[in-house]
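Comments concern the structure below.
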Amino acid sequence: MKALLKLNDVSKTFLTEDIETKAINDISLEINKGEYVALSGQSGCGKSTLLSLLGLLDSPTAGQYWLADNDISSLSRNQRAEIRSKEIGFVFQSFNLISDLTVLENVMLPLTYQSGLSKAVIENRAKVVLEKVEMGHRKNHFPSQLSGGQQQRVAVARALVNEPKIILADEPTGNLDSKNAESVLQLFEQLHREGATICMVTHDPASAKRASRCLEMFDGRLIKDSINSTIKNNAVSTLEVAAG
Amino acid sequence: MSIWLDIKYALRLLFNAPKFTAMTLGVLIGGLSISLFTFSFLYTSIYKPLPIPEGETAKALAVFEDGKYRYIRSFEYQAIKDNVASFAEFGVYDTGDMRINIKESGKSYYGSYVRAGFFEFSRIKPILGRTISENDTLVGAPAVAVISYEVWQSEYQGNENILTRSIKVDGINTDIIGVMPKDYRFPNMSKVWLPLLNSVLLESPQHSEYLYGYARLKAGVNIKDAEQELTQKINQIYQRNVKLFDLPKVEKHVKLLTFQMAQTGNDGAVAFAGLMTISFLILLLACINVGNLLLARSIERQKETAIRAALGAKTARLVSQLLWEGVIIASVGGLLSVLLVGAALDYTEVAIHSWLPGGGSFWWHYGMDGATLLMAVVFTLITILLSAFFPAWRSAHQDINSTLRDGTRGAQSKKAGRVSRILVTTQVFLVALLMLIGSITAFISHKFINLEMGDDYSNVMTARFSVPEKKYPEPQQQIALMQSLIAKLEQHPNLVGVINHNWIGASKVMLEGHEYLSEEDKLLIDVASLIGDSATVGVNLVAGRQFTHLDKSGNRKTAIISQSMAKRYWPGESPLEKSFTVNINDIDERVFIVGVVTNRMNASAMFGSRDSADEIYLSGLQFFDPYQILLYKTLPNTQQPEEIFYQAMFAIDRSIELTYSVQGASENRNKMRESMGLMSEITFGTGFFSLLLAMVGIYGLTANSVAQRTHEVGIRRAVGASDRDILRMFLKQGGKQLIIGLSLALLIFALISFGFHKFTEGIFPVYIYFSQALTVVFGLTVVVMLAIYLPSKKAVIMEPSMALRYE
């Protein structure tokens with residue numbers, strides 16, 4: 001099976017006041033369609049940076065990146081934006097909903113950046129995903145009127161609305177209590193069962209165990225890659241972990 | 001101790017952000033200086049107490065005739081002067097141009113004709129000799145004069161024996177009886193004072209003159225009561241004489257004004273209010289901008305403020321800590337503005353006294369004074385309140401919990417965003433309004449400066465005077481006097497030509513062979529009377545002839561028309577010997593065309609091309625007006641060309657009353673152009689500064705708003721927004737504020753323009769208002785969009801991953 005996403009010797013270096021910090025160090029990685037990948041590691045090991053690179057929120061300093069067989073390492077800013085709007089869904093730790101927009105408007109947002117969709121179609125698709133995450137009844141509320149768990153469900157709906165090839169989640173339960181965290185994780189499991197590809201950054205071992213595949217990072221490198229055999233995967237993993 | 005800590009902290013913040021400090025100070029100094037200078041200039045010109053002892057109680061009389069600003073008539077004064085119960089002092093004076101002979105030549109001075117008691121009213125004594133007494137005003141009394149210190153010094157080198165000297169004033173041997181102290185120019189800008197003779201007061205009502213009145217109230221009498229008493233008394237006297245002497249029927253109303261206000265024709269308050277409003281708008285703009293810059297700073301430190309509050313700082317302490325930065329900037333700005341305005345006022349003082357030949361009114365002493373300093377303090381306090389206190393208060397009253405939890409995003413940013421949008425809209429509105437009003441002013445100035453008049457005033461002198469009607473009651477006598485004067489002038493070897501020229505104004509004209517069904521159908525053409533060859537002033541003959549001595553009363557009435565009129569009404573044929581009817585003094589006069597001359601700019605064509613309106617010249621020997629303008633051309637490099645007229649005038653009749661000093665014909669025009677140029681520069685300067693303020697302000701507001709929304713930009717970028725989407729979002733939001741602000745300004749401008757158009761009876765074509773509005777809309781849109789685009793572009797450049805981490 002061909003990989004949905006492939007990194008080849010990808011590095012990311014930050015320069016601050018003449019100090020060079022290598023946040024990602026020659027990582028090679030493949031993620032197949034239908035996988036539920038948990039990315040864990042200590043704080044500052046580069047998990048979120050890797051997720052930013054996977055989500056095209058940042059560009060690598062070196063290496064190559066293929067998404068659905070397309071080399072996207074050297075795309076322009078606008079080309080990357082187009083891919084984000086069509087093929088990637090994000091869920092953040094701090095929800096990142098826009099406070100001035102209603103729940104429905106927040107969910108509609110990714111589709112408004114795609115051309116050729118009518119307002120009715122956008123609204124309809126947003127309502128469908130809101131129903132899916134059981135937030136349809138709060139569609140006219142503002143984020144500040146929702147609990148943390150509800151806000152994260154809306155964020156998940158927003159990530160789903162453009163029917164992305166992959167959902168990238170950065171500590172999605174980090175700001176939630178255990179009950180709401182459980183609810184969000186269950187939602188991810190449900191999406192996985194329905195065939196979604198998910199890559200979730202987490203520092204919680206219990207959350208990581210619920211994914212079909214676990215990656216562990218240390219000091220900007222991938223040090224461990226394991227398959228959770230208890231969870232049925234929707235795809236066959238062809239994982240390769242770069243050796244150092 | 002804590003205050004010192006706060007001040008130290010504020011100073012450190014200001015030193016650490018030199019660009020911010022410089023920009024804020026620049027904006028503030030500009031706004032404060034404009035307002036302060038405008039206030040000081042207007043206050044000195046109109047409202048400052050008169051700089052003489054008891055100046056605040058000295059009043060000038062304004063007599064409104066059916067609402068029109070006039071003065072008291074000599075017969076009215078004579079009848080009531082001794083029985084006005086409200087006045088402790090009451091007098092009249094007249095002003096005029098006085099010619100003093102010095103050696104072989106002469107010099108004109110602005111002077112006053114005054115009665116006994118005039119100098120006592122000003123509470124100032126002469127430094128030499130005495131002032132004018134009752135005896136000096138008797139008919140037949142020896143001619144005497146009081147001169148100013150300046151005349152004494154400049155013309156007589158401060159000669160201590162001046163009181164033994166006799167000089168010629170207006171050709172009459174006059175004894176100098178006194179010298180007034182330095183800078184004394186009461187009642188306005190007089191430098192010579194002659195007696196106002198009893199004969200002037202004893203004139204019959206139909207020959208009575210308008211005189212300036214002055215008064216001081218008795219203790220305990222209020223102005224309203226005094227005005228009422230005088231109104232009643234003057235009306236009584238006047239109405240009694242209306243039938244007797246066939247005077248025009250008018251209702252009179254007396255007002256007691258300050259001398260300064262009287263000088264403005266009682267319109268000073270309107271001018272003061274108008275100009276102060278504009279300067280306050282500029283100050284308000286500056287305050288909005290400074291306030292916004294400080295608000296942005298306080299938002300940046302919102303988390304710090306929340307931490308301080310969480311640690312137990314009280315609101316007052318938080319406000320104080322945040323306030324100091326603004327207080328320091330406003331205080332330094334206020335201080336520097338005072339210094340700048342002080343220098344500008346000193347420069348104005350020098351410029352005005354060198355620009356105006358008489359040095360202007362004696363109370364025009366511009367410089368830093370107590371009132372201006374007090375106003376500087378008031379303006380600085382207003383600035384502190386508007387631009388420092390409100391941001392500090394707002395920041396100190398934030399929701400600590402949400403700020404500590406969410407940073408400066410969330411509810412706080414929503415409020416800040418709303419405030420920012422209101423500020424941008426207000427800013428756009430104020431700047432647009434200032435620019436719209438300024439653009440019309442600039443348009444008028446530009447038109448005047450670049451006006452092609454169609455004449456040639458090089459080496460041409462103007463003498464404006466009125467023929468004494470009492471001495472020459474019949475038009476034929478007046479014409480004879482004028483002809484004698486012209487003949488005398490022509491004898492001078494340096495004289496090239498002389499004409500008598502007087503604009504009569506727009507008159508109704510009916511062409512021969514045309515039917516005019518109503519008054520509105522008749523043509524309205526500018527008419528002037530003319531004696532002599534119009535080529536003297538560069539209006540050259542194109543066809544036919546100039547007027548001759550045969551175009552006189554009793555003969556066929558003749559006219560010369562402009563080329564434009566000939567072309568318009570007699571295209572393809574000669575207009576010579578054609579006739580038309582022109583209405584002069586309510587009489588339809590049939591005149592025959594004898595000549596065609598080149599086009600001139602006239603009042604009707606002021607804002608169009610020179611040939612867009614026509615001119616008709618009538619023979620001055622057939623249509624004579626006692627008020628006259630004589631224009632004479634001399635050979636180049638003629639020394640003291642004005643002396644040619646004075647010599648002729650004194651030789652013919654020294655009682656001819658000059659209304660202005662004889663001067664170069666282009667002098668008035670040049671002065672008008674200079675003043676228009678100055679007005680244009682001020683308008684452009686103010687407009688440019690407001691535009692700069694708007695640019696800085698809107699840039700600051702947008703930069704602030706963009707910074708506030710950086711995280712939001714990150715989210716939008718994460719879900720797929722392209723650079724263009726983000727820029728469009730900010731420009732769209734800015735565009736909305738631009739449209740609201742511009743619409744409001746255009747609405748007010750439309751109302752002002754409508755009023756102005758009505759008031760000026762359509763002096764500008766309507767399209768001018770539209771074109772000015774379009775120019776301002778276009779210019780401001782470009783500037784505002786640029787001010788929004790630049791900071792937005794910065795936000796777009798940031799990688800989404802960075803933007804998402806932005807606090």
Side-chain angles (χ1 to χ4, degrees), chain A residues 12 14 16 23 48-60 76-101 106-115 142-145 148 151 155 157-162 164 168 170 175, chain B residues 299 302-303 398-399 401-421 705-706 708-730 732-733 736 792-807:
Chain A
K12 178 71 184 176
F14 292 108
T16 43
S48 294
T49 307
L50 180 60
L51 201 75
S52 290
L53 293 178
L54 293 179
L56 307 184
L57 295 178
D58 212 343
S59 45
S76 71
R77 291 164 61 86
N78 282 340
Q79 285 168 323
R80 284 193 283 149
E82 195 180 339
I83 291 172
R84 280 199 301 270
S85 78
K86 289 180 178 167
E87 299 180 11
I88 298 169
F90 281 101
V91 180
F92 300 97
Q93 179 180 359
S94 53
F95 326 133
N96 281 342
L97 298 176
I98 295 175
S99 58
D100 290 344
L101 302 181
N106 264 290
V107 176
M108 285 163 65
L109 201 58
L111 299 181
T112 61
Y113 296 124
Q114 290 183 21
S115 52
F142 283 94
S144 56
Q145 296 168 306
Q151 286 192 48
R158 185 177 64 185
L160 292 175
V161 76
N162 54 350
L168 301 171
D170 190 0
N175 276 10
Chain B
I299 287 170
Q302 207 150 315
K303 195 146 191 170
Q398 62 178 296
D399 180 347
N401 195 32
S402 72
T403 305
L404 288 175
R405 194 184 61 227
D406 301 333
T408 53
R409 302 195 297 270
Q412 295 298 316
S413 74
K414 203 170 171 181
K415 264 191 209 166
R418 202 179 306 134
V419 172
S420 169
R421 283 194 290 276
S705 161
V706 168
Q708 288 280 300
R709 296 179 69 179
T710 303
H711 189 262
E712 182 192 323
V713 169
I715 298 171
R716 287 179 184 271
R717 295 287 302 279
V719 298
S722 64
D723 291 3
R724 196 184 294 172
D725 290 325
I726 301 296
L727 281 175
R728 199 184 296 143
M729 179 182 80
F730 283 114
K732 201 171 153 190
Q733 188 189 308
K736 265 188 206 165
S792 307
K793 185 80 185 161
K794 265 188 190 173
V796 166
I797 288 167
M798 195 186 282
E799 285 288 353
S801 58
M802 293 291 289
L804 282 167
R805 282 197 291 270
Y806 188 85
E807 277 290 332

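Note that these values count all heavy atoms, side chains included, but never hydrogens, waters or copies made by symmetry. Protein chains get the first letters and strands the later ones, always in sequence-line order, with residue 1 at the start of each.
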Please classify the contact of A:I83 with chain B as side chain, backbone, both or neither, using a heavy-atom distance under 4.5 Å. neither
Going by salt bridge (charged side-chain N to carboxylate O under 4.0 Å, His left out), B:D723 matches just one of B:R717, B:R716, B:K793. Which one? B:R717
Could you check if a side-chain atom of A:L101 sits within less than 4.5 angstrom of a side-chain atom of A:M108, using non-hydrogen atoms only? no
Under the salt bridge (Lys or Arg N to Asp or Glu O under 4.0 Å) test, which residues partner B:R724, sequence neighbours left out? none
Distance col, row A:D170:CG vs A:T49:OG1, nearest 0.5 angstrom, shows 9.5 Å
Given the options A:F90, A:Y113, A:F92, which has more heavy-atom pairs under 4.5 Å with chain B than any of the others? A:Y113
If you count heavy-atom pairs within less than 4.5 Å of chain B, which of A:S59, A:P143, A:P110 leads? A:P110
Among A:N162, A:L109, A:T112, A:L111, which residue has the highest count of heavy-atom pairs closer than 4.5 Å to chain B? A:L109
